[in-house]
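Heavy atoms only: backbone and side chains are in, while hydrogens, waters and symmetry mates are out. Letters A, B, ... are given to chains in the order of the sequence lines, protein chains preceding strands, and every chain is numbered from 1.
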Protein chains: 2
Amino acid sequence: MDVQRLELLRELAERGSVTAVARATHRTPSAVSQQLKVLEREAGLPLTERSGRGLVLTDAGRALAASATDIAVALERATAVWDTFRNRATGDVSLVTFPTAGQMLLPGALQDLADHDGLAVHCTDMDPELSDFPALTSEYDIVLAHSMRGQHTWGGRGLTSVPLMTEPLDVGLPTGHRLAGRVSLGASDVVGETWIGVPLGYPFGRILHDIELQTGSRALVTQRFADMRLIESFIMAGLGIALVPRYTSSGDQPGRMVLKPLRGLDAERQIVALMRPDRAERLAVRTVVEALRARAAQVQAEHAAAAG
Amino acid sequence: MDVQRLELLRELAERGSVTAVARATHRTPSAVSQQLKVLEREAGLPLTERSGRGLVLTDAGRALAASATDIAVALERATAVWDTFRNRATGDVSLVTFPTAGQMLLPGALQDLADHDGLAVHCTDMDPELSDFPALTSEYDIVLAHSMRGQHTWGGRGLTSVPLMTEPLDVGLPTGHRLAGRVSLGASDVVGETWIGVPLGYPFGRILHDIELQTGSRALVTQRFADMRLIESFIMAGLGIALVPRYTSSGDQPGRMVLKPLRGLDAERQIVALMRPDRAERLAVRTVVEALRARAAQVQAEHAAAAG
DNA sequence: ACATCCATGAAGCCAGACTACATAGTCCTT
DNA sequence: AAGGACTATGTAGTCTGGCTTCATGGATGT
């Protein structure tokens with residue numbers, strides 16, 4: 001019973017093809033195939049089945065792959081133990097973020113981590129509409145993802161998710177707008193407005209949908225953009241109003257744009273760090289996540305202070 | 001980070017010397033030493049220290065050995081998963097018991113397990129006074145041990161213990177005894193009697209001590225024997241009375257001996273299966289333990305039926 | 001001081017995991 | 001229908017890495 005082989009099976013369960021596993025583990029497909037064959041012989045029962053060109057796991061294979069995860073977690077926990085003894089989080093950590101969260105959290109977090117010698121954080125950004133967050137955990141140690149409250153699309157998949165912050169979604173208005181003097185807005189206040197929306201399928205979409213449900217009328221969406229800067233420019237030009245994340249937007253722009261909180265709606269998004277459970281155990285990874293969390297708390301505190 | 005090496009470290013933590021680890025793992029001391037050296041180099045900090053002729057673990061070494069246990073547990077759980085898929089508990093299971101428990105549980109349990117092809121149970125007995133139960137878990141998969149209630153001497157050592165049964169301790173009297181007609185006995189009834197005791201340090205000893213504490217007088221112990229048959233023969237000869245375990249003694253012997261329950265005292269012993277946590281995960285081991293537990297329940301039920 | 005226990009070094013052996021290459025099956029395209 | 005592109009997987013050979021054997025040095029106790 002070899003751990004390396006089980007690890008291969010787990011990779012196969014995640015990636016779905018021998019070739020992909022080989023690429024990911026810097027081996028030839030032949031080597032992977034041979035090891036899986038050995039594993040199967042040891043197990044005494046088929047772990048994979050051919051399906052078209054590729055392979056799929058049998059029930060037994062999936063079960064075994066699942067326990068391979070437990071082993072990987074225990075293993076990483078062990079290396080974390082000794083990393084702790086050296087008081088050293090070292091190694092490479094790869095991270096992928098969507099742009100707004102990265103802009104808000106990464107510069108500060110990386111500054112805070114600068115004194116950790118030997119800890120190298122490699123960051124990338126990826127458009128949230130194009131990214132299947134859970135799938136990215138195969139390639140990156142940490143995936144910054146956002147989800148609307150109540151949506152736990154990845155809890156079930158056996159991934160570890162650490163909440164970093166909850167960010168309220170406000171309504172952005174041009175300064176001259178008839179609602180610009182209000183303290184907060186309700187669904188009925190805004191449903192009749194001209195909206196700048198996000199592309200269909202984006203998470204914020206649900207909020208506007210909730211507004212429609214609550215009021216019984218349809219909202220008029222004239223434009224749909226993914227880039228928040230673009231949306232803001234439309235708001236400031238007086239071409240409509242939009243939902244903007246409170247912290248990652250430009251915020252109140254004196255003389256040009258104001259943000260007003262929504263009441264009576266579940267208008268906030270969770271920003272979470274998403275990880276494969278074994279990787280989440282690595283001390284280096286935990287250190288980075290902790291830095292992100294601290295930074296997020298600081299951002300929230302600064303905004304709270306500014307508001308209060 | 002290699003599992004085999006960590007396993008070696010764990011063995012070292014348990015057995016205390018490279019030579020012992022080598023013997024236990026069928027290797028030469030040199031091989032063990034080399035692997036530990038590699039582990040230490042990987043860890044980047046000393047895991048062992050010389051102490052006289054032998055080695056002792058450093059704090060870091062102990063911590064690492066502890067997480068090695070977690071890995072071993074996960075590993076055995078994985079093999080259990082696939083054993084389950086084959087519906088087959090196979091392999092060798094070694095067991096050591098103290099005589100009375102073995103006589104009561106083993107014949108029946110082994111009969112129940114006879115239909116499991118490929119499951120071989122190797123049993124040994126060992127005198128409870130000579131045996132350090134926790135230490136035996138290094139050599140045997142299952143250690144049948146007894147403890148008085150409230151004594152959890154091995155819970156803390158990171159061992160898995162599965163309770164099999166609680167056996168009441170009765171007072172054995174010769175049939176002609178003045179108390180032989182009673183339904184049950186209290187401490188004050190028996191403290192003045194002539195006692196046949198167990199050797200000093202035996203677990204039952206505490207009961208007699210409790211009797212002395214409760215009554216404030218000392219009990220007269222004329223003989224001390226380890227073997228229950230011997231004790232019973234003294235009882236039947238009218239040479240004294242003694243504490244006897246209800247199920248593993250010969251029980252009521254019409255015309256010769258009667259058993260009377262004690263009230264007002266914590267007069268029972270726990271019989272438990274004691275295992276190293278990784279071994280406890282093996283399907284074969286779990287199967288045997290389950291058979292023992294079932295057998296124990298049956299013994300208790302039979303006695304309850306006979307009494308009622 | 002010697003015998004005996006311990007851990008550990010050096011040299012060589014051998015299993016087992018890898019690469020490179022070749023083969024066979026499946027899917028899609030033309 | 002046939003080729004090309006993709007899968008997985010066999011075969012042969014290489015080489016890493018853990019093992020054994022033998023030898024050394026320190027610690028203990030008689």
Does [X] pair with [Y] as a salt bridge, N-O distance under 4.0 Å?
X: B/Glu7; Y: B/Arg10; result: yes
X: A/Glu42; Y: B/Arg86; result: no
X: A/Arg5; Y: A/Glu11; result: no

Among all residues two or more places apart in sequence or in another chain, which pass the side-chain contact (heavy atoms from CB on, under 4.5 Å) test with A/Gln4?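 Result, side-chain contact (heavy atoms from CB on, under 4.5 Å) vs A/Gln4: A/Asp2.
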Contact between [X] and [Y] at the side-chain level, heavy atoms closer than 4.5 Å - yes or no?
X: A/Met275; Y: A/Val285; answer: yes
X: A/Asp132; Y: A/Leu136; answer: no
X: A/Leu9; Y: A/Leu36; answer: yes

In residues 7-25 of chain A, which ones come under 4.0 Å of DNA chain D, going by heavy atoms?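 Going residue by residue through residues 7-25 of chain A, the ones with a heavy atom under 4.0 Å of DNA chain D turn out to be A/Ser17, A/Val18, A/Thr19.
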Can you list, in residue-number order, the parts of residues 35-63 of chain B that come under 4.0 Å of DNA chain D, counting heavy atoms only?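 Within this stretch, B/Gln35, B/Gly52, B/Arg53 sit under 4.0 Å of the strand.
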Take the protein atom NE2 of B/His26 and the nucleotide atom P of D/dT21, then report the distance between them rounded to whole Å.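 Those two atoms, NE2 and P, are 15 Å apart.
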What is the distance from CZ of A/Arg27 to P of D/dA8, rounded to the nearest Å?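 Computing the A/Arg27:CZ to D/dA8:P distance gives 15 Å.
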For the CG atom of B/Leu6 and the CG atom of B/Leu12, what is their distance to the nearest 0.5 Å?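 It comes to 12.0 Å.
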Euclidean distance, B/Asp92 CG relative to B/Arg282 CZ, rounded to 0.5 Å: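 Result: 7.5 Å between the selected atoms.
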Counting only side-chain nitrogens and oxygens, does A/Ser33 get under 4.0 Å of the OP1 or OP2 atom of D/dA8?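 Checking A/Ser33 against D/dA8: no side-chain N or O falls below 4.0 Å of OP1 or OP2.
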Is B/Ser33 reaching over with its side chain to a backbone N or O of B/Pro29, donor-acceptor style, under 3.5 angstrom?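 No, because the side chain of B/Ser33 does not come within donor-acceptor range (under 3.5 Å) of the backbone of B/Pro29.
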Anything under 4.0 Å to a heavy atom of chain A counts; send over the first and last such nucleotide of DNA chain C, read 5' to 3'.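 First-to-last contact on DNA chain C, by the 4.0 Å heavy-atom rule, is C/dA17 to C/dC27.
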Apply side chain to side chain contact (heavy atoms under 4.5 Å, CB included) to the pair A/Leu164 and A/Val272, showing each step before the final yes or no. CA-CA 5 Å; A/Leu164 297 179; A/Val272 302; 5.7 Å; no
Interface polar pairs with nucleotides 12-16 of chain D, N/O, under 3.5 angstrom:
none

Would you kindly say whether A/Ser138 and A/Glu14 are connected by a side-chain donor-acceptor distance under 3.5 Å?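 There is such a pair (donor and acceptor under 3.5 Å, judged by atom type) between the side chains of A/Ser138 and A/Glu14.
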Return all side-chain donor-acceptor pairs below 3.5 angstrom for residues 65-73 of chain A, not counting sequence neighbours, or 'none' if the list is empty.
residue, atom, partner, partner atom, Å
A/Ser67, OG, A/Ala63, O, 3.2
A/Ser67, OG, A/Leu64, O, 3.0
A/Thr69, OG1, A/Ala65, O, 3.4

